[in-house]
Participant: 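Okay, handing you the structure first.
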Amino acid sequence: MNNTRTRLIGAAVLVSLGALGVTGCGADASSTSASDGAPNGQGKTLDVLVGANTNKADQFKAWQTHIAEAFKKQTGADLKFETFANANDELSKIQTSVVAGQGPDVYAVGTTFTPTAYSTDAFVKFDSKMWSKVGGRDRFVPATLGISGPDAQNEVGVPFTSRPYVLAYNTEMFKNAGLDKPANTWDGLLDQAKKLTTGSTYGFATGYADNYTPWKFAWAMANQSGNPLVDGKTARIDDPTVLKAYETYFGWLTKDKVVNPAAVGWNDTQAAADFASGKSAMMLMTTASSKVTFDASPVKGKYAYAVMPTVPPGQSSAPSGGQPVSSIISGDNLVIAKYSENQDLAAAYIKLLTSDDEQINYNKLFGDLPTNASAAKKVQDADPSLSPIIDSASKAKTTPFTGAWGDIQLALTNVVVQARPDLGNGSINETTLKASLAKAQKDAQASLDRASANK
Amino acid sequence: MSITVKKDAALRRAPGLGGQPSAKRRRTVSEQNRPLWMLTPGALLIGLIIIVPLILGIYIAMLQLDQYTIRKWISAPFVGLNNFIEAFTSTDLVHAFGNSVGFSVIATLITVPIGVYAALATQNAYRGRSLVRSLFLVPYVLPSFVVGSFWRTMLQHDGIVNKVLTGLGLPAGQWLTGPASFWVLILVEVWAAWPFIYLMALSGLQSVDQEVHEAAAIDGALWWTKLRYVIFPYLRGPVALACLIATLHHMNNFSLAFLLFGVPAPFDVQVLPTLVYSMSFTSLRFGMGAAMALISLLLIALPLYFYLKAVRLDTGTDAGGKK
């Protein structure tokens, strides 16, 4: 038993050492043939990584089978799906593949992760020839291309799905409170939330302990006040606009008391469950994917989506220099690994996934919006209730395209994590918050410096 | 580390290998003509499993290896000790080290009495003893993932713990953030780890001969005297070893802190493993992460080395076990 184990460990070590040794030379595999029609992939297998959709596991399985069949019919090649459960999972997969110079041919990566992926220099840049292989750059909704690369000449990501952020509101509660629809300023929205907070129901549902959402509030409000957070090579986190953003976001719970105090420990799933059970009037910073949860809950038929405010806190109209953003450009991009020996097949796969029919099919199954312009138009025409979400997509802005963004996002999240004890005690100490922002500024700047040193 | 030290010592003592043609003391029969070459596969494995990765780790710690350079990591810029200096000067390393040590030592101190008491309680045969013994092992055999997730759910702001507390008229607490989080980590670790001490104490107790019990009874020893002067000496060896291993386990426990508090961790509960993790895998600074991991290895290994020397656990003899 012990011997077997030791031998196994030894073998594993040898294999991994071998893999490490290969890395020096294994990285740059150039593309194969360059035909423009569907490549012949007879006898080949394309390895693709996609995010597992655990909410709709059955549909996800059916979708995989369907895509594999369609791909086989077009190219003759087999499709092998690998899935990842969360961002960390995907990150480890990318790291090992990049180091080993082998792994999936095509990855689906989140939009905010695209700059990090780009900075590894491990993914294929799209020139006009590459774009035409995936169906042409002009087949996409222009706004979705905003986070494909640092500029139009250096794009690595092909938009696959779009998931802009919106808010969901309980139409019944709004009606009962004599309100028509959510306001377009944060101050106005807060006033509405105060009106909607009665007894055990609260105006806003939001997850302060979520790992992904809180920084988006700070980003949106700062941008609306004219601060993009990254200005060239300089971080602008230690800034009055950011302070104001965090104070507003925390103030909903501590000062205005329009959020359930338990939200201090909630992630977004818990916040959505609260909204779904009718205990809060608005769910902030959510996407169309929440439709699945809401439609299977007591609020079914009693809620609607709306664009989140685009006027920063403390203002009644957009200030000059401010950007009326409602959401980050959110969704998934497809990237092709440089080491892939099936570049043409990879392009054919992307072409299939971003085609009219497949985009509409994907939207029907999972609720994510098409990035293909004509598909997006058809989806919008077919379902008018989606118009606020499509409207938000048009008001979306890209997060700064820098390899440092991952760190900056982490620093912005950390401000919320470290403020949670104060938040739980019901008051935010301004000095502590300022110190926290100063630390975030330092970390973000250090990361930006490394990014520009590596350019 | 200690393994290499021991091995060197063994090699020096070994006849024919250490360059000592005639040993001063007489070699026993079992020591003569020992086929030491048969250890070669073992040595090779140790080299592959421990030495080579360690050297690689040291090398990586001196590289500026991050998302920008990982694709061609062999040619990542060499920065010498910069990562180490930066780890000390501009990260939370020292703070995390303090947290880690405090957490591990306190957790061990709490688990020892619980484990020893549980072992004593299940020493004498009674009806249902085997059931109790099995139940005691439940926390230990549950995977960390399950333990962490359960406790996290229970300790939520609107979770069952706070509901019970408020039901009893006590104030609800914030368990997963702020200063309380440190004690929560200790509590959950103690809950999951005390059966290890229990097991080791139990094995110590079982080495107590029946005659010793009888002799103590004939001498008229009362329970406390018997416990203090007869039983405890037997336990000293195994429990000291258990303490050492348990403390190191606590120190290296990544999953529990990660599951309970996530990354970025609240400041009060930033421990070495989660700090190294977030440096390596959320900030993607692999070189820096390796440097931090090495520093923590040294910080842990140094006291461990002196402790091992002091208590001589490696000699295999201890007071209680001698007959």
Side-chain angles (χ1 to χ4, degrees), chain A residues 6-7 9-10 12-14 16-17 20-21 23-25 27-28 87-88 91-92 95 98-99 101 116-117 119-122 209 211 260-267 270 338-339 403 406-407 409-411 413-414 416-425 442-443 446-447 450-451 453-455, chain B residues 41-42 44-50 52-53 56 60 64-77 86 90-92 152-153 155-159 162 172-181 258 261-268 270 277-286 288:
Chain A
T6 337
R7 249 179 278 141
I9 294 173
V13 168
L14 275 176
S16 44
L17 280 174
L20 285 172
T23 56
C25 44
D28 269 332
N88 281 337
L91 195 55
S92 343
Q95 278 160 16
V98 163
V99 169
T116 311
S119 70
T120 61
D121 195 26
N211 261 343
N260 188 330
V264 137
W266 287 352
N267 57 27
Q270 288 166 294
K338 272 190 184 168
Y339 58 68
D407 270 346
Q409 203 176 296
L410 188 71
T413 307
N414 198 37
V416 181
V417 170
Q418 306 310 342
R420 275 172 47 214
D422 281 354
L423 206 54
N425 292 331
K442 199 182 119 225
D443 292 348
S447 192
R450 281 191 306 118
N454 278 291
K455 245 184 186 160
Chain B
L44 274 177
L45 274 182
I46 287 179
L48 275 178
I49 296 169
I50 298 174
V52 172
L56 264 180
I60 287 175
Q64 191 186 312
L65 186 63
D66 52 21
Q67 56 186 312
Y68 308 102
T69 52
I70 185 162
R71 193 169 70 92
K72 296 181 174 163
W73 73 274
I74 297 268
S75 55
E86 200 187 329
S90 59
T91 70
D92 287 338
R152 191 188 166 103
T153 313
L155 292 166
Q156 292 276 323
H157 198 281
D158 42 3
N162 273 349
Q174 293 189 60
W175 307 112
L176 297 174
T177 182
S181 56
F258 182 72
F261 308 106
V263 166
F267 189 68
D268 294 285
Q270 178 72 279
Y277 172 87
S278 75
M279 187 52 80
S280 303
F281 302 111
T282 42
S283 288
L284 307 180
R285 300 191 63 186
F286 311 104
M288 182 73 160

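Reckoned from all heavy atoms, side chains included, excluding hydrogens, waters and symmetry mates.
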Participant: Checking B:Leu284 against chain A: side chain, backbone, both or neither under 4.5 Å from a heavy atom?
Facilitator: side chain
Participant: Is chain A contacted by the side chain of B:Phe261, its backbone, both, or neither, given a heavy-atom distance below 4.5 Å?
Facilitator: neither
Participant: Heavy-atom distance under 4.5 Å between the side chains of A:Val98 and B:Arg71, does that happen here?
Facilitator: yes
Participant: Name the member of B:Pro266, B:Gly159, B:Gly178 that forms the most heavy-atom pairs with chain A at distances under 4.5 Å.
Facilitator: B:Pro266
Participant: Chain A heavy atoms under 4.5 Å from B:Asp66: which part of the residue, side chain, backbone, both or neither?
Facilitator: side chain
Participant: So which of A:Asn454, A:Thr116, A:Asp121 actually passes side chain to side chain contact (heavy atoms under 4.5 Å, CB included) with B:Gln67?
Facilitator: A:Thr116
Participant: Where does B:Ala265 contact chain A at under 4.5 Å (heavy atoms): side chain, backbone, both or neither?
Facilitator: backbone
Participant: Please look at A:Asn425 and chain B and tell me whether the side chain, the backbone, both or neither of the residue comes under 4.5 angstrom of a heavy atom of that chain.
Facilitator: both
Participant: If you define the side chain from C-beta out and look only at heavy atoms, does anything of B:Gln174 sit under 4.5 Å from A:Leu423?
Facilitator: no
Participant: Can you sort out the partners of A:Ala209 under side-chain contact (heavy atoms from CB on, under 4.5 Å), two or more places apart, ordered by chain and number?
Facilitator: A:Arg420
Participant: Search all heavy atoms of A:Val417 against all heavy atoms of B:Thr177 and return the closest pair with its distance.
Facilitator: O-OG1, 4.1 Å
Participant: In Å, rounded to the nearest 0.5 Å, how long is the span from CE of B:Met288 to CZ of A:Arg450?
Facilitator: 9.0 Å
Participant: Side chain, backbone, both or neither: which part of A:Gln270 has an atom under 4.5 Å from a heavy atom of chain B?
Facilitator: side chain
Participant: Quick one: ring pair (Phe, Tyr, Trp, His ring centres under 6.0 Å) partners of B:Tyr68, sequence neighbours excluded?
Facilitator: none
Participant: Is it the side chain or the backbone of A:Asn211 that comes within 4.5 Å of chain B heavy atoms, both, or neither?
Facilitator: side chain
